[in-house]
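Order of the sequence lines fixes the chain letters, A, B, ..., with proteins taken first and strands second; residue numbering starts at 1 for each chain.
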2 protein chains.
Amino acid sequence: MRDFSRSLPMSLLRAREAVMRQFRPSLREHGLTEQQWRILRALAAIDAVEVTELARTAFLLGPSLSRILRDLEARNLIERKTAKADQRRSMVSISKEGVKLMASVAPNSEAIYAEITRRFGARRLAELQEMLGALELSLAELGSADDTIAEG
Amino acid sequence: MRDFSRSLPMSLLRAREAVMRQFRPSLREHGLTEQQWRILRALAAIDAVEVTELARTAFLLGPSLSRILRDLEARNLIERKTAKADQRRSMVSISKEGVKLMASVAPNSEAIYAEITRRFGARRLAELQEMLGALELSLAELGSADDTIAEG
DNA sequence: GAGAGATACTTAACATGTTAAGTGAATGCG
DNA sequence: CGCATTCACTTAACATGTTAAGTATCTCTC
């Protein structure tokens with residue numbers, strides 16, 4: 001069997017960890033986890049979203065998002081109100097405080113991203129991202145192994 | 001601020017998830033998590049290792065590994081014995097049952113990996129892995145942002 | 001050879017990942 | 001209309017990620 005430390009999943013895991021390792025301390029100083037930060041960033045880009053849509057954008061599973069939203073709401077970083085037309089849905093938006101927090105974290109975060117880009121090379125980074133996107137696409141058609149079996 | 005869904009961390013996260021999505025169902029059928037599988041694979045390649053070394057190989061943090069080893073030991077998939085020369089260290093090895101389980105999972109796992117390689121292209125996959133390794137390297141010098149501050 | 005410090009883990013505590021089950025609100029259809 | 005189904009979440013339960021603290025053992029130095 002192939003040396004597993006050279007397998008694609010491990011390469012991806014290590015690469016991602018190397019990157020996140022740069023950001024975590026800064027986020028931590030502001031009392032944010034990586035996932036909470038993803039949610040705030042996703043919310044900052046829009047007015048309000050449904051939870052399901054937010055899950056897709058922030059790439060989180062429903063249950064994780066549910067818990068995190070509960071906590072972020074308790075910290076007054078986001079706001080929630082049920083949709084008028086459909087009582088099942090709730091519209092989530094970032095609060096004033098949330099915006100303020102983002103503003104205090106963003107500069108540092110941007111600087112770190114810039115340093116990573118500088119070290120690895122902007123062109124190379126773009127190539128890498130292109131390949132990652134292509135990989136995702138080539139597996140998306142496949143669905144999960146389960147789906148394949150179910151469909152067969 | 002850059003659309004975060006196009007950021008490097010998100011690209012890496014989505015790509016890895018797309019890949020792992022293929023493997024998880026098969027592992028699940030055998031009652032294994034991704035991390036447990038990593039440990040068994042790491043152990044299969046050698047006779048016995050110390051916990052710390054295993055953590056590095058399987059890319060797991062100590063506390064996670066500690067818990068998982070406890071569970072794998074309870075399931076008789078691994079064996080542990082304290083080193084003679086140094087009572088602090090414990091040598092971990094895969095058990096006969098562990099080997100048997102691996103043998104039952106490996107074929108399917110190999111097939112999935114082969115399909116991924118086929119879809120994405122072997123050459124392209126090698127290029128991607130090379131870039132991921134390079135990314136890791138270019139950030140390794142940097143250490144974590146904390147270290148940098150500490151050193152400055 | 002005794003005590004301070006380092007080492008190799010383990011435990012603890014809290015946050016998230018993951019799957020299954022639960023809840024309340026809409027929808028579709030006879 | 002009535003009611004089974006679907007939908008949008010939430011809760012639950014268990015596994016791992018992450019940092020800090022704890023424990024036992026070893027090492028090094030005086």
[atom1] of [X] versus [atom2] of [N]: gap in Å, rounded?
{"X": "A:E29", "N": "D:dT19", "atom1": "CD", "atom2": "C1'", "answer": "15 Å"}
{"X": "A:L65", "N": "C:dT18", "atom1": "CG", "atom2": "C1'", "answer": "14 Å"}
{"X": "B:Q35", "N": "D:dT18", "atom1": "CD", "atom2": "P", "answer": "11 Å"}
{"X": "A:M91", "N": "D:dA8", "atom1": "CE", "atom2": "P", "answer": "13 Å"}
{"X": "A:Q36", "N": "C:dG17", "atom1": "CD", "atom2": "P", "answer": "11 Å"}
{"X": "A:W37", "N": "C:dT16", "atom1": "CH2", "atom2": "C1'", "answer": "19 Å"}
{"X": "A:E17", "N": "D:dG17", "atom1": "CD", "atom2": "P", "answer": "10 Å"}
{"X": "A:R67", "N": "C:dT18", "atom1": "CZ", "atom2": "P", "answer": "11 Å"}

OP1 or OP2 of [N] under 4.0 Å from side-chain N/O of [X]:
{"X": "A:R80", "N": "D:dT10", "answer": "yes"}
{"X": "A:T33", "N": "C:dT16", "answer": "yes"}
{"X": "B:R89", "N": "C:dA8", "answer": "yes"}
{"X": "A:S90", "N": "D:dA8", "answer": "no"}
{"X": "B:S66", "N": "C:dC9", "answer": "no"}

Any protein N or O atoms within reach of nucleotides 21-26 of chain C? Criterion: under 3.5 Å, listing atom names and distances.
unit_1, atom_1, unit_2, atom_2, d
C:dA26, OP1, A:Q87, N, 2.7

Decide yes or no for B:T57 and B:L43: does some side-chain heavy atom of the first lie under 4.5 Å from some side-chain heavy atom of the second?
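Counting from C-beta outward, B:T57 and B:L43 never come under 4.5 Å.
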
I'd like to know if [X] pairs up with [Y] as an ion pair, taking the criterion as any Lys NZ or Arg NE/NH1/NH2 lying under 4.0 Å from an Asp or Glu carboxylate oxygen.
{"X": "B:K96", "Y": "B:E79", "answer": "no"}
{"X": "A:E53", "Y": "A:R56", "answer": "yes"}
{"X": "B:R123", "Y": "B:E127", "answer": "no"}
{"X": "B:E115", "Y": "B:R118", "answer": "yes"}

A:S64: what forms a side-chain contact (heavy atoms from CB on, under 4.5 Å) with it, not counting sequence neighbours?
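In terms of side-chain contact (heavy atoms from CB on, under 4.5 Å), with neighbours along the sequence ignored, A:S64 is linked to A:R67.
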
Checking all strands, does B:I68 fall into the base, sugar-phosphate, or nothing category for heavy-atom contacts under 4.0 angstrom?
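Sugar-phosphate contact only - B:I68 comes under 4.0 Å of backbone atoms but never of a base.
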
Categorize B:R28 for me: base, sugar-phosphate, or nothing, with a 4.0 angstrom heavy-atom threshold over every strand shown.
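Contact class for B:R28: sugar-phosphate only.
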
So, [X] side chain and [Y] main chain: donor-acceptor pair closer than 3.5 Å or not?
{"X": "A:R80", "Y": "A:S90", "result": "no"}
{"X": "B:S104", "Y": "B:L101", "result": "yes"}
{"X": "A:S11", "Y": "B:Q129", "result": "no"}

Going by number, which of residues 43-62 of chain B have a non-hydrogen atom under 4.0 Å from DNA chain C?
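B:E50, B:V51, B:T52 - these, ordered by number, are the residues of the stretch whose heavy atoms sit under 4.0 Å from the strand.
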
Derivation of the side chain to side chain contact (heavy atoms under 4.5 Å, CB included) call for B:I78 and B:L40:
CA-CA 8 Å; B:I78 66 162; B:L40 291 184; 4.1 Å; yes

Between B:R70 and A:P63, which residue's closest nucleotide on DNA chain C lies nearer the 5′ terminus?
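That would be B:R70.
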
Please determine whether any donor N or O and acceptor N or O are separated by less than 3.5 Å between the side chain of A:R24 and the base of D:dG17.
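There is none.
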
